[in-house]
Amino acid sequence: MNAADSTTIPAPAPPTRSRIGIFLTHDPEGSVDDYIVFLLRDMMQNLSRLVVVVNGTLSDEGWRRLSEFTGEIYVRPNEGFDVGAWQEALAGHVGYDRLADYDDLVLFNDSFFGPLYPFATVFAEMDRRGHDFWGLSVHGETPGTGLCPYGNRPRYLQTYFLVFGKRVLSSNDFRAFWQDLPRFRHFDELADRFAAVLTRHFADRGFAWSAYCETADLEGPPVKNFDPHTYALHELVAHRKYPVIKRRSFLVSRTEYLRHCGGAELRATVEHVRRHSNYDLRLVFRHLLRRYDPGALKESLGLDYVFATDDAAPALPTGRRIAVVAHLFYPDQFERCAATLCAIPPEIDLIITTDTEEKRSQLEALVKRPDTARTTILQVEPRGRDWGAFLAGCRPLLADHDYLCFVHDKTSPQKEYATVGAAFRELLWENMLASPGYVRRIVAAFEADPSLGLLVPPPPMHGTYFKSSMDAWTVCYEATCRLADRLGLPAHPGRQRSPIAVGSVFWCRTAALEPLLAAPWKYADFPAEPLPHDGTLNHALERILPYVAQARGFLTGWTFTEPQAAAFLANATFMLDATRRALNGTPGLRFATFASFLASLRGLRRVLRCTGLQYLWPTIERGSEFLARRCPCRLRGSYTRLRLRTCALNGAGRRQ
């Protein structure tokens, strides 16, 4: 931690109080991840006794990991959320009468990562304040869902981490509160009738409370209050000594972030922790990658890497082996591709594959690198195209490399214009190998972040790629699931989210794609020519890459050159603005926020569905398209002359 930073924390004093902790954990697979082990190791420096309650199931390995900290481990049905677990532990495993033996009771759960610095510091500060009960953060008054007995939810401590002192524990009010709680079945009920009630209940009985991280200055009227530990996270961590990151922060949709802030909050917080804390962020990402889609994490973290292409870049790391693999098939692209490949830093191995001896000879004449550079030009079997060449033809040459780049030439002859496919090819090659400095910056990004495993270019949005980007799975989802089974991935990709890797080019940390690279690929595994335009093993391979990296505990991001990022931003902004202008004035649509726009758009779709127009409109569109394609030349000519005459008349009127 940087001593000059505003989050610098003084060294904690040795614990002087007797504390019992009750910890709740729940995992659908019964796992106990590394972040929990780290949390409990720190907490045990502050507790005299720990009771662990598991909602649901607990694996043998999970039991072994929890046994490092306590022998009091209780598994119960996944009912009543954390409150039900705490309630049961207090009544059945600890006993209310025994609470008087302790100075503090700590109730906490597994819904946060941390601590970012030792909890001993937090306990020392709160002991100094001397309040009867406390938590880490507070939520301002809010309307809630209408179930709260106070009407609005009053200002309350958020209940993922609560500490009750001896004066509360010794009172009859404490036992009565927990014994009178109902069994909660829905989250809204839990929020309104437990979280929002607890603080006011004990405050009304004369007990003083506070939050370690105070945020009263961020609060406003009830309708404007929000979760500060999510939407003001960077402010809390960087400037207010907030010691944890809520797991929810990574799972909130980007729509919700854009409702409350600019969308960069989470990434800025992660970067702050990386620079100013000793907390290992790999603990966070190992858990998230086991449970959630890599595309969702890419979206929430904003994993878009924009690099300059000039030569003022860090040198390649010593002791690392790096290779660029290029499959080249089209002779009319050889000269252009060879120029790019010859420019990569000479310390990087270059492996080029092609399918005939004649093409190999052409490439040998074109590819001229320094004598010190290692270059291999390999003739491979044509089956499987680029993926067959990479996985079956090059596999023996890829061993012992730390980082790999894979590219291939591309023509996309099925597209409507040659320029549409050419622009996609430029997007792929430039975002992979734009310049020596760009390549060095990509490698430096992997070196700087041990959680980063895969970098791919963004998808194209131009031409008819606009439609295909709406569902990048196209007809490939089932093929991708079969490939996931073949590679032994622990879970199938989620159909509800589009894949974030298309184009079959990438930079990777070799360890991130180990299941793919280690498989015993043969040319016979790949489909024979003529290769269908979609739905084959090759198309599944380009989509499965982030899921392979996920299974190995690595994140996936997009990488851009500065010019490509500028074009992507300009295109995305133009498309958004044009869409808003086109929809402006449509009955029922609201544009106050992006969230309200989406909600109103869903409402409009329901109206169309209920009235039957949803099913009629495609027929009208198909009829219009048919007339446009089949209309006789004479009618088209007449229509064109009419338009020209109208324009001429309008122009004459303006001249007068």
Side-chain angles (χ1 to χ4, degrees), residues 2 264 267-268 270-272 274-276 281 298 301-326 336-352 367-376 398 400-408 425-458 500-501 503 505-513 545 549 554-570:
N2 189 333
R267 181 166 181 172
V270 168
E271 288 304 311
H272 179 88
R274 195 188 310 280
R275 292 190 179 101
H276 300 292
L281 287 166
K298 186 261 171 204
L301 288 165
L303 296 179
D304 300 305
Y305 295 81
V306 180
F307 300 118
T309 57
D310 60 61
D311 288 335
L316 292 171
T318 58
R320 301 289 196 193
R321 289 199 63 191
I322 308 165
V324 170
V325 182
R336 183 194 304 265
C337 294
T340 300
L341 295 171
C342 288
I344 66 174
E347 305 96 311
I348 293 178
D349 298 345
L350 174 60
I351 303 168
I352 300 175
V367 177
K368 302 298 182 184
R369 302 182 73 209
D371 293 339
T372 56
R374 291 181 292 273
T375 304
T376 302
L398 303 181
D400 302 325
H401 285 91
D402 300 286
Y403 302 115
L404 290 175
C405 173
F406 179 53
V407 293
H408 60 93
R425 180 177 64 244
E426 289 302 309
L427 181 150
L428 299 178
W429 277 72
E430 185 173 336
N431 285 322
M432 291 292 99
L433 297 169
S435 72
Y438 182 77
V439 168
R440 292 197 296 271
R441 287 183 174 93
I442 284 181
V443 175
F446 283 113
E447 288 286 296
D449 184 357
S451 298
L452 180 62
L454 181 70
L455 285 175
V456 296
I500 54 175
V505 303
F506 58 86
W507 271 95
C508 77
R509 187 188 305 274
T510 311
L513 297 187
L545 297 174
F554 291 102
L555 296 166
T556 297
W558 285 349
T559 180
F560 306 74
T561 64
E562 289 178 338
Q564 285 283 345
F568 189 89
L569 178 61

Validation row: [X], [Y] side chains within 4.5 angstrom (heavy atoms):
X	Y	value
Leu398	Ile351	yes
Pro457	Gln564	no
Val367	Leu350	yes

Next item on the list: Could you walk me through whether Asp449 and Arg274 pass the side-chain contact (heavy atoms from CB on, under 4.5 Å) test, one step at a time?
Entry: CA-CA 9 Å; Asp449 184 357; Arg274 195 188 310 280; 3.2 Å; yes
Donor-acceptor pair, [X] side chain versus [Y] backbone, under 3.5 Å?
X	Y	answer
His408	Gly503	yes
Tyr403	Val324	no
Asp304	Gly557	no
Arg509	Ser451	no
Trp558	Ile500	yes

Could you pull out the closest heavy-atom pair between [X] and [Y], with the gap in Å?
X	Y	result
Asp311	Arg440	O-NH2, 3.0 Å
Arg374	Glu347	NH2-O, 3.9 Å
Arg369	Leu341	NE-O, 4.3 Å
Phe554	Gly453	CB-CA, 3.6 Å
Phe568	Pro458	CE1-CB, 3.7 Å
Ile348	Val439	CD1-CG1, 3.5 Å

Return the [atom1] to [atom2] distance between [X] and [Y], rounded to the nearest 0.5 Å.
X	Y	atom1	atom2	answer
Thr561	Met432	OG1	CE	10.0 Å
Cys508	Ile442	SG	CD1	11.5 Å
Leu454	Leu404	CG	CG	11.0 Å
Asp349	Ile344	CG	CD1	8.5 Å
Arg320	Thr510	CZ	OG1	10.0 Å
Thr309	Glu562	OG1	CD	6.5 Å

Check: Going by an N to O cut-off under 4.0 Å, is there a salt bridge joining Arg336 and Glu426?
Finding: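 Yes, charged N to carboxylate O under 4.0 Å.
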Check: Does the side-chain contact (heavy atoms from CB on, under 4.5 Å) test come out yes or no for Leu433 and Trp507, once each step is laid out?
Finding: CA-CA 10 Å; Leu433 297 169; Trp507 271 95; 4.1 Å; yes
Note to self: Applying side-chain contact (heavy atoms from CB on, under 4.5 Å) to Val443 and Asp402, what does each step give before you reach the verdict?
What the structure shows: CA-CA 10 Å; Val443 175; Asp402 300 286; over 6 Å; no
Margin query: For a side-chain contact (heavy atoms from CB on, under 4.5 Å) check, start with the C-alpha distance between Leu513 and Phe506, then their side-chain angles and the critical distance, and finish with the verdict.
Written below: CA-CA 11 Å; Leu513 297 187; Phe506 58 86; 3.7 Å; yes
Note to self: Would Arg441 pass as a cation-pi partner of Phe560, given that its NZ or CZ must be under 6.0 Å from the six-membered ring centre and within 45 degrees of the axis?
What the structure shows: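 The answer is no, since Arg441 fails at least one limit relative to Phe560.
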